[in-house]
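Chain A is the first sequence line, chain B the second, and so forth, proteins listed ahead of strands; every chain is numbered from 1.
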Amino acid sequence: MLSYLLKRFLIFIPTLWLVSLIAFGLSRLAPGSPLQEEASLDTSKDIAFWEKEQKNLARSLGLDKPPFYFSITSKAYPADFYQILTPYKKITQQKLLEQYGNWEDVSSYYAGILDMERLLMDLPDSSKTDISIKVKKSIRSLYTTYLDKSVENIFGRIEEEFQSDSFLNALLTDDYRNFKNKYVALKENANPSKLYIPSIHWYGFDNQYHNWLMNFIKGDFGISYIHRRPVADMVKPALSWTISLSLVSIFLAYIISIPLGVYSAVLKNSWFDRITTFLLFAMYSLPVFWIATILLVFFTTSEYGMNWFDGVWISQISPDAPFMEQVRESFNHLVLPIICLTYTSFAFLVRQMRGSMLDVKEQLYIRTARAKGLGEQKVIWKHAFRNALFPIITIFASVLPAIITGSVVVEFIYQIPGMGWRTLESIREQDWPVVFSILMLGSVLTMIGILISDILYVLADPRVSFKRKL
Amino acid sequence: MKNVPLTLFLSLVCSIIFLFPNCTTEDTPIKDNTVRLRFPAEPSSLNPATMRSYGVFVTRYLFQYLTDFDSETLELVPNLVKSAPIETPIEEGEYAGGYAFTYEIHELADWDNGTPVTGYDYEFSLKALFNPLVPSKHFRAYLDHIREIEVDATNPKKFTVYSDRTYILAEATISNINVFPKYHYDPADLLKDISFKELANPATAEKLQQENANIKTFAEQFQEPKYTREEIVGSGPYKLVEWIEKQRLVMVRKKDWWGDKVANPNITLLAYPDTIIILPIKDDNALGSAIKDGTIDAAISVNTTVFKDLQQNPTVQDQFNFHTPEAYLFFYICMNGSKVEKIKDKRVRRALAHCLDIDKIIEVAYDGMGVRIVNGLPSEQNYANSELPLIPFDLDKARNLLAEAGWSDSNNNGIVDKEINGELTELSLQYYFTGSAFSKRMVPVFVDNAQKAGIEILPEEIDHNTLVGVKYPARDFEMAGAASGSDPVAFADPKQFWHTNSDTPSGTNRAGFGNAATDALIDSIRVTLDKEKQFEMHYRLQEIIYEEQPYIFLFTPLERLVVHKRFEAKGSKFKPGLHANLFKLKIEQ
Amino acid sequence: MLFSTKSEKQLLKEVEAQGLPKSYWGLVWQQFKLNRMGLWSLRILYVLIFIAIFGDFIANEKPIICKVEDKWCVPIVHKYFVNLGWASWDDIYVKQNWTEYDYQFSIHPLIPFTASRTDLYQSNVNPMGRQRVESLRWRHWLGTDKLGRDLLAGLITGTRISMLVGIVSMSIAGFIGIFLGSMAGFFGDKRFRISRSSLFMNLIGAFFGIFYAFGTRSFVFGEASKSGSLGIELFKSILLFGLILALFNGLAFLLKKITITKTQPFAKKITIPLDLIIMRLIEVFNSIPALLFLLSIVAILEQKSIFFTMAIIGLIRWTSIARFIRAEMLRIRDLEYIEAARALGFSQFQIIWRHAIPNALPPVLITFAFGIAGAILLEAALSFLGIGVAESEITWGKLLSEARMDFKVWWMAIFPGLAIFVTVTIFNLIGEGLTEALNPKLKQ
């Protein structure tokens with residue numbers, strides 16, 4: 001048993017590692033950046049100031065580190081390319097690099113745009129003319145332009161504008177020529193062959209993935225981008241909600257489905273069996289979000305005269321209230337969600353129970369028992385039932401993920417602050433550290449579910465040993 | 001017991017039925033002096049220097065400003081200080097051309113531990129805000145004109161703030177900062193040796209950040225849960241006693257608050273309810289039933305549909321008052337006119353504006369809870385030009401304008417087209433919108449209306465962060481639905497919206513509006529303290545904006561407030577619209 | 001199974017009267033017909049498929065055929081041609097509102113509304129109440145939503161998407177599942193042997209293939225996706241990838257021939273435990289909570305489209321098919337005729353493709369039917385949550401989600417949900433029927 005458990009846990013590790021890679025990979029692909037640039041009142045003087053703020057923020061979130069242990073790129077890329085964090089800057093420079101392959105020139109040209117912009121912004125008030133503003137706009141559009149034709153177009157336009165303003169021309173002509181030369185150099189020194197040489201950069205262990213994973217194992221899930229507080233603090237209460245709701249509904253599902261399954265098997269082909277089978281089949285196909293919506297729409301408002309339950313979760317209970325009061329109050333809120341979470345798995349379980357009971361009923365030993373003259377009830381409950389119970393226990397593994405999935409929707413509809421709700425909320429806010437922590441935790445939970453059901457399977461059926469199972 | 005499981009099953013079913021809630025919740029009228037106030041979301045932090053969105057509203061009950069807005073007159077009145085500051089222009093020295101503001105904190109003002117509120121606390125609050133490692137740049141951005149603070153050596157309650165330029169918003173921005181106690185937020189006095197002057201200068205601040213370890217230690221400590229969620233200490237009338245995440249936030253009236261001792265207190269020093277409980281309820285239907293059940297006393301930002309529904313409900317009518325002041329918020333469609341060739345011509349932009357049946361949009365997509373606007377400025381403010389007419393829904397005019405601008409349907413596909421740079425271009429425009437219910441509902445109307453004038457609108461839903469973080473900075477959009485909100489003061493400075501210097505990737509002049517003339521106009525508005533001249537220039541600027549049509553201004557929504565009738569309360573235009581501290585319990589007859 | 005009634009015996013008789021069918025599939029079909037629910041489900045499915053294909057001709061504001069100003073026109077068909085770029089509208093048809101014409105003659109679809117057409121004067125029309133419409137013909141039989149869009153027309157348009165979701169995503173899942181499952185089952189842990197040179201050369205080839213065919217071409221992809229020629233570029237890349245791989249395989253072939261001290265070190269074969277690897281992969285996929293995973297992937301896509309959702313559902317739903325086919329393969333690979341084929345000298349892949357897979361397929365049909373039901377349900381849940389659908393796409397889940405915003409519109413809560421329920425049920429019933437037809441033993 002111990003060695004079996006150990007082996008199972010050893011298998012967990014590569015699986016979790018793969019999941020962590022997937023989760024981290026996704027977080028890298030996510031659009032947008034946690035370092036949203038914010039509007040400033042007076043942008044003219046502090047472009048550099050904002051850049052610095054961004055860097056500080058990146059550092060505090062650990063985003064200034066390389067993302068992974070290594071990177072595989074073409075030789076044209078510099079090792080520290082990851083340090084460009086602003087999405088549009090990254091994209092434009094990447095596109096330029098992919099055309100010309102010479103990083104030095106790309107970065108010096110791109111820095112040149114910033115210098116030009118700053119020059120234009122710092123112009124004395126007297127020379128701020130319509131022309132200078134047009135030039136400024138043109139220069140700014142270079143930030144996101146990478147196709148040669150468009151860039152040349154913009155340069156052409158800028159030159160035309162310079163022509164029409166001799167004062168501006170005199171003031172900036174050298175700077176502009178310098179800047180344009182950088183672009184010319186970029187094109188002249190193009191070295192696209194570099195793009196075809198693969199190169200591997202090794203960054204070592206101080207990288208974002210490694211830090212994230214190590215902290216995750218330690219129980220520190222990182223800091224939320226949006227709320228700037230530990231993810232663990234946000235996920236913990238959510239997790240306890242989801243787990244307790246799931247356990248209650250699994251318990252209910254089992255406790256209702258077992259007798260129902262047994263009876264419909266015993267009374268096979270009776271009206272009882274047929275109706276339950278039909279109803280359960282229908283239930284099985286009922287989308288949980290539909291039922292949840294219908295229950296919410298019809299039974300929580302006075303609109304249709306059936307205001308029987310409280311709708312969406314709002315906590316009003318004071319923690320000092322007597323225990324029964326609290327139970328009663330939460331019950332009022334949670335009846336509908338629990339019904340929704342229970343009925344799907346419940347339909348599935350009854351069908352399984354009925355099937356396995358029918359299987360067992362045909363077994364030889366049941367016939368023997370009956371032949372011995374035992375009462376029907378005794379045959380059913382003492383012999384058949386016990387044996388029919390094994391398979392249904394093992395189904396636990398498939399019920400748990402289903403309930404977790406179901407809870408996403410149900411929590412969303414009833415606004416229960418559980419994992420599913422938290423996930424949707426975080427996805428909406430693009431709070432990736434939270435989303436991926438939940439993804440990892442969800443996987444861990446599912447794996448534990450599978451493990452428990454494997455163990456139960458062995459415990460319930462002595463014929464299967466741990467050794468053979470592996 | 002032959003049928004054990006069946007009995008078990010039946011008893012369980014019975015117990016569930018038995019446990020079924022008392023189906024009709026009897027209405028026990030609550031008469032206490034507690035306000036259960038609904039917010040659509042809970043604040044993520046209550047740190048006085050880094051909080052955002054709903055945190056700003058909640059901290060209003062816990063902290064105080066130097067001077068604050070009177071929620072009725074919308075004018076600045078003393079809050080923590082004795083009287084309005086003394087302004088003196090600085091004529092020479094480092095800050096020549098700027099102003100000095102001298103404040104004196106009220107002599108009764110004290111913290112929870114009995115020590116007086118002093119100028120040093122204000123200085124400390126500013127230092128915390130300007131700590132480069134404290135994520136408070138959303139406040140810092142407005143404060144970069146402050147250079148130095150000088151606390152009077154003889155009277156620590158008296159201090160002078162030096163601003164290095166003439167700026168119409170200088171007083172308001174200096175005054176509207178949460179003042180928080182040094183003894184609580186910096187017990188080790190980490191920032192003692194660092195002067196505000198050094199922090200206010202980006203160059204020296206950079207140097208400090210590298211050299212002085214205390215900057216980092218303070219920033220880290222300042223952002224710990226203790227200071228963001230657990231122990232919030234301010235001079236406001238309320239004290240945070242409980243905060244259960246996503247459930248409730250309880251604030252209790254301080255017993256011997258200094259404001260109570262002030263004779264003839266102004267409106268910002270009033271606080272009636274004993275307890276204010278903030279309930280974050282996101283779901284609008286839940287809110288609707290909570291109001292019907294009487295489990296909450298007041299709510300802000302009620303969903304329009306739910307609000308209409310509640311207004312028609314007789315029981316709710318009996319128990320609640322409804323307020324609908326205009327909000328400091330407006331919806332508009334941003335057009336990237338300076339970059340997208342198709343809409344560079346202002347006639348095309350005007351044609352698009354004529355295509356929108358805004359009245360119908362307000363009625364259908366916003367349940368009629370909106371007021372049409374010419375531009376985003378609050379109509380009651382003097383600087384808003386009231387003579388500009390609304391742009392009517394007029395498809396013929398739109399067609400004529402398009403024809404004038406050279407657009408015609410030459411290939412008979414129902415969409416007008418024109419030759420641009422030698423290529424036949426269809427007037428088909430991409431329209432980004434984010435996922436709110438309103439913007440979703442507006443899209444089909446926009447598409448339908450524009451189609452009738454021969455313009456094709458291609459709507460694309462986009463995530464807010466992608467729009468703001470990727471598309472706007474790169475100016476990679478044609479049109480986008482947007483909303484903007486502010487307070488009466490910030491609207492008075494048009495720089496952020498319309499100056500070409502704000503047309504940077506991170507700037508908010510996203511339409512690329514502006515030329516030298518408008519820039520000059522904006523620059524002089526910012527430094528003209530003479531109201532009449534300033535308004536003149538405001539009007540001129542607004543006329544130009546009206547002509548140029550960089551945005552299509554849609555409407556200003558009405559704020560939807562619900563307050564229980566046992567309280568005397570007024571809805572205010574000032575955010576968040578409800579000032580729960582002013583809810584006065586009516587005396588039962 | 002559900003209702004075993006007398007008529008089942010009758011059916012049995014009928015079947016017997018027809019005589020024994022000749023083929024395997026004939027037998028399966030005969031068994032399937034015994035299941036009345038399954039049979040009826042199949043019939044409903046035909047109807048749904050009909051609606052999915054011809055939805056435009058059932059609910060549309062455009063007439064099917066009409067005569068205006070002495071010209072005949074078939075606007076709906078014409079629209080297809082216009083969309084394909086084969087035709088353009090004649091100048092008399094450029095009016096955008098098709099109800100404004102004076103038709104000399106016209107045949108209109110059954111429901112004279114287009115799903116996306118808003119009518120602000122018909123907002124939230126109650127299907128049961130009085131409607132302010134000209135005649136019964138213009139009645140909104142299932143009501144309208146807040147913007148006055150006809151719900152019935154929406155449901156009809158949504159049918160196509162639901163069917164597509166089921167079929168496309170399960171085709172992807174089926175392709176991956178069958179490939180990996182049959183590899184795992186047929187080769188097991190011991191039978192997949194490959195020479196050292198092939199293995200290493202293939203690994204290196206794959207690296208360079210990805211690098212040159214995809215990595216270095218990312219700029220081209222970016223430009224192509226703007227001009228709409230992404231498909232062609234992708235095809236070129238795949239071709240390039242194949243070429244590079246082939247090149248390295250050629251090298252591997254040469255390497256094998258190298259003889260060092262009388263042995264051929266590179267030709268030595270090593271065993272790859274395919275079964276183990278693929279089973280681990282399945283385990284990984286099974287451990288990830290599907291909906292959470294789907295939500296996070298769909299959320300990071302910049303462009304929202306139902307087709308991405310379909311593809312992703314396919315990519316995570318292949319495991320059950322793979323497991324099924326693996327189990328079948330384990331059984332089949334030791335059967336006599338496979339042994340015989342092996343003895344006859346057929347190559348491994350020939351045996352798999354020509355002999356093993358066709359025999360393992362029937363049970364997969366069952367998972368396929370259940371899988372479609374699951375995929376439709378998953379997509380509906382996603383669009384209900386408002387994730388991964390573009391605004392212009394009308395799906396059942398999205399229609400249903402409107403009920404959450406306004407409790408008064410009960411019809412938005414009932415009908416879209418019913419549509420999802422019926423579709424999911426019939427696929428489940430067909431799956432059930434197939435199970436019984438393929439394993440008559442199971443039938444109690």
Worksheet item: Do you know which of A/Lys134, A/Met234, A/Lys137, A/Arg59 has the most heavy-atom pairs with chain B at a distance under 4.5 angstrom?
Response: A/Lys137

Discussion item. Which residues pass the salt bridge (Lys or Arg N to Asp or Glu O under 4.0 Å) test with B/Glu224, not counting sequence neighbours?
Written reply: none

Discussion item. Out of A/Ile133, A/Thr144, A/Ile91, return the one with the most heavy atom pairs under 4.5 angstrom to chain B.
Written reply: A/Ile133

Worksheet entry | B/Ala517 versus chain A, the contacting section by heavy-atom distance below 4.5 Å | backbone

Discussion item. Quick check on B/Ser45 against chain A: is it the side chain, the backbone, both or neither that has a heavy atom closer than 4.5 Å?
Written reply: neither

Practice prompt. Please determine if B/Lys292 and B/Asp309 form a salt bridge, counting it only when a charged side-chain N lies under 4.0 Å from a carboxylate O.
Written response: yes

Fill in: Heavy-atom pair of closest approach, residues A/Arg422 and A/Ala238
CB-CB, 4.2 Å

Worksheet item: Less than 4.0 Å between a side-chain N and a carboxylate O, is that true for B/Arg526 and B/Asp493?
Response: yes

